[in-house]
Amino acid sequence: FFLSPVVGASMTTKAVFRFVKGLEVASSFPATKSSTPPLLFVHGGFHNARCWSEYFLPYFAEKGYESHAISLAGHGQSSGKDSVRFTTMTQFHDNIKTVIRDLGIKPVMIGHSAGGGMTQKFIELNPDYAQKLALLLAPFPPHGGLRIFARWMVLQPWDYLVTSLTMNAWNTLNTPEKLKLSMFSDEIALSEVARHHANVDDKESMLLPASMLYRFVDPQKIKRDGFKVFIYGGLQDKLMIPDEMRTAAAEYDTPLTLFDAGHDLMLDLRWKECADAMLRTLEEQSSLLSTSSPLRSLD
């Protein structure tokens with residue numbers, strides 16, 4: 001185990017990193033054992049567990065929730081970097097299953113961006129692996145991300161041209177200036193973005209976003225299985241714009257909660273407002289949560 005430098009975290013909730021079958025997992029624990037189920041955070045493209053360990057993991061642990069974040073294969077310090085460009089959603093789902101089995105209890109799934117899309121598909125296909133509550137930050141909408149990529153192309157046309165020619169989207173994020181343009185609010189200092197840029201990955205799966213270009217998940221099935229899905233978005237998000245997030249939330253019959261932030265809600269200046277809204281949802285929807293172990297149902 002080793003401790004990560006988490007800004008503002010108390011020593012009792014600072015994130016600890018470990019490995020589960022080659023997968024990097026960051027965890028923060030409440031000071032006293034909680035009766036609530038754990039939270040499992042799933043990152044989006046070019047991110048890893050460190051996007052959650054900075055603020056969210058210690059903050060949710062301080063509020064009584066055992067909190068974990070996975071670095072999917074090929075991300076962070078997880079194995080699989082050589083093959084990450086051709087890793088599929090199914091393979092990433094297997095990563096999530098591995099970590100859930102290690103936890104020994106169904107978590108509340110929390111996903112961001114492509115990780116939000118992946119989380120939707122995961123609970124659709126694997127309803128027995130998760131609590132009946134999922135929280136999504138600026139996720140790929142159920143109807144697919146084609147318009148999202150069209151907006152990104154308009155936002156960074158030359159970078160996107162290089163991406164199309166090289167089949168590698170890293171050039172759209174390879175400087176702090178580019179990361180701020182697409183992922184953060186106007187108000188955040190470039191020096192702060194540069195600090196976050198040091199933690200992003202320079203390789204990403206090309207197959208994962210391709211699998212979510214068009215409608216890829218059935219919210220009706222997810223609702224029939226008893227799940228409630230809540231979505232949080234940023235007013236300054238240039239990719240998952242508010243109107244698109246409203247459409248996504250409507251498919252789940254739940255309200256959209258918006259903040260004056262960019263795409264990376266968990267790292268932007270108003271991260272605490274987002275976290276507090278999620279904590280309210282966890283409290284208000286606590287009847288959906290159970291601390292019973294799922295191990296027997298997962299065999």
Side-chain angles (χ1 to χ4, degrees), residues 1-6 15-27 40-54 56-57 68-103 109-119 121-122 137 139-140 145 149 152 156 159-160 162-179 182-183 193-213 239 263-264 266-267:
F1 287 19
F2 60 95
L3 295 177
S4 68
V6 179
V16 176
F17 286 73
R18 63 192 178 100
F19 289 89
V20 177
K21 296 186 177 180
L23 298 169
E24 181 182 49
V25 179
S27 302
L40 180 58
F41 295 82
V42 182
H43 63 79
F46 294 99
H47 289 51
N48 54 63
R50 283 162 183 78
C51 73
W52 303 111
S53 66
E54 178 77 13
F56 269 38
L57 295 190
H68 307 272
I70 182 176
S71 289
L72 296 164
H75 298 77
Q77 298 301 313
S78 291
S79 61
K81 289 189 180 297
D82 291 342
S83 57
V84 66
R85 290 184 65 191
F86 303 102
T87 303
T88 65
M89 185 187 292
T90 298
Q91 290 171 303
F92 287 139
H93 280 175
D94 288 341
N95 296 165
I96 295 170
K97 289 180 181 178
T98 295
V99 172
I100 292 175
R101 290 191 186 103
D102 181 74
L103 295 178
M109 299 290 296
I110 300 174
H112 170 249
S113 193
M118 200 184 318
T119 295
K121 194 65 179 178
F122 183 83
L137 282 65
F140 269 63
F149 289 108
W152 208 343
Q156 296 176 256
D159 292 327
Y160 214 88
V162 174
T163 291
S164 300
L165 294 174
T166 63
M167 297 299 290
N168 185 351
W170 171 237
N171 63 283
T172 62
L173 299 172
N174 61 5
T175 68
E177 291 82 1
K178 292 178 184 179
L179 187 68
S182 58
M183 299 288 167
V193 176
R195 192 170 62 81
H196 297 312
H197 188 267
N199 289 325
V200 298
D201 292 307
D202 62 0
K203 295 182 177 65
E204 186 50 77
S205 169
M206 300 299 290
L207 299 183
L208 177 63
S211 68
M212 296 188 289
L213 279 178
L239 302 178
H263 184 64
D264 273 5
M266 64 286 184
L267 291 172

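If you read the sequence from its start, that first residue is 1, and numbering goes on from there.
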Closest heavy-atom pair, I70 versus L40, reported as atoms and distance to 0.1 Å, is N-CD1, 4.4 Å

Side chain to side chain donor-acceptor pair (under 3.5 Å) against T88, all qualifying residues, sequence neighbours excluded:
Q91

Using modelled atom types only, decide if a donor and an acceptor are shared between the side chain of N48 and the backbone of Q77 within a distance under 3.5 Å.
no

Just to verify, what does T98 make a side-chain contact (heavy atoms from CB on, under 4.5 Å) with, not counting sequence neighbours?
V20, K21, L23

Set of side-chain contact (heavy atoms from CB on, under 4.5 Å) partners for S27, sequence neighbours left out:
R18, V25, F29, H68

Could you state the interatomic distance from NE2 (H263) to CH2 (W152), rounded to the nearest 0.5 Å?
7.5 Å

Between M89 and S211, what is the shortest heavy-atom contact and its length?
CE-OG, 3.6 Å

For the residue pair Y160 and F149, categorise the inter-ring angle as parallel (less than 30°), tilted (30 to 60°) or perpendicular (more than 60°).
tilted

Can you name the closest pair of heavy atoms from S53 and F17 and give their distance?
OG-CZ, 3.8 Å

Distance col, row F122:CZ vs T90:OG1, nearest 0.5 angstrom, shows 11.5 Å

What's the separation between atom CG in D94 and atom CG in L72, rounded to the nearest 0.5 Å?
11.0 Å

side-chain contact (heavy atoms from CB on, under 4.5 Å) involving N168 - partner list, sequence neighbours excluded
R85, T166, W170

Applying side chain to side chain donor-acceptor pair (under 3.5 Å), name anything that partners T119, two or more places apart in sequence or on another chain.
none

Heavy-atom side-chain proximity of L267 to C51 below 4.5 angstrom
yes

So which atom in H43 and which in A49 form the shortest heavy-atom distance, rounded to 0.1 Å?
CD2-N, 4.1 Å

How far apart are the closest heavy atoms of I100 and M109, and which atoms are they?
CD1-SD, 4.2 Å

Pairwise distance CD1(I110) to CG(L137) - rounded to 0.5 angstrom:
8.0 Å

Counterpart residues, salt bridge (charged side-chain N to carboxylate O under 4.0 Å, His left out), relative to K121 (two or more places apart):
E124

Just verifying a value: how many Å separate M183 CE and H196 NE2, rounded to the nearest 0.5 Å?
13.0 Å

Taking ring-ring contact (aromatic ring centres under 6.0 Å, His included) as the definition, give me every residue that meets it alongside F92, ordered by chain and number, with sequence neighbours left out.
H75

Which value, rounded to the nearest 0.5 Å, describes the distance between S71 atom OG and H47 atom NE2?
11.5 Å

Looking at every non-hydrogen atom in both residues, tell me the closest pair between L173 and H197 and how far apart they are.
O-NE2, 2.8 Å

Using side-chain heavy atoms (C-beta onward) and a distance below 4.5 Å, is M266 in contact with D264?
yes

For N95, which residues count as a side chain to side chain donor-acceptor pair (under 3.5 Å) partner, sequence neighbours excluded?
none

Listed by chain and number, what are the side chain to side chain donor-acceptor pair (under 3.5 Å) partners of N174, not counting sequence neighbours?
K178

Can you name the residues that form a side-chain contact (heavy atoms from CB on, under 4.5 Å) with T163, not counting sequence neighbours?
A169, N171, T172

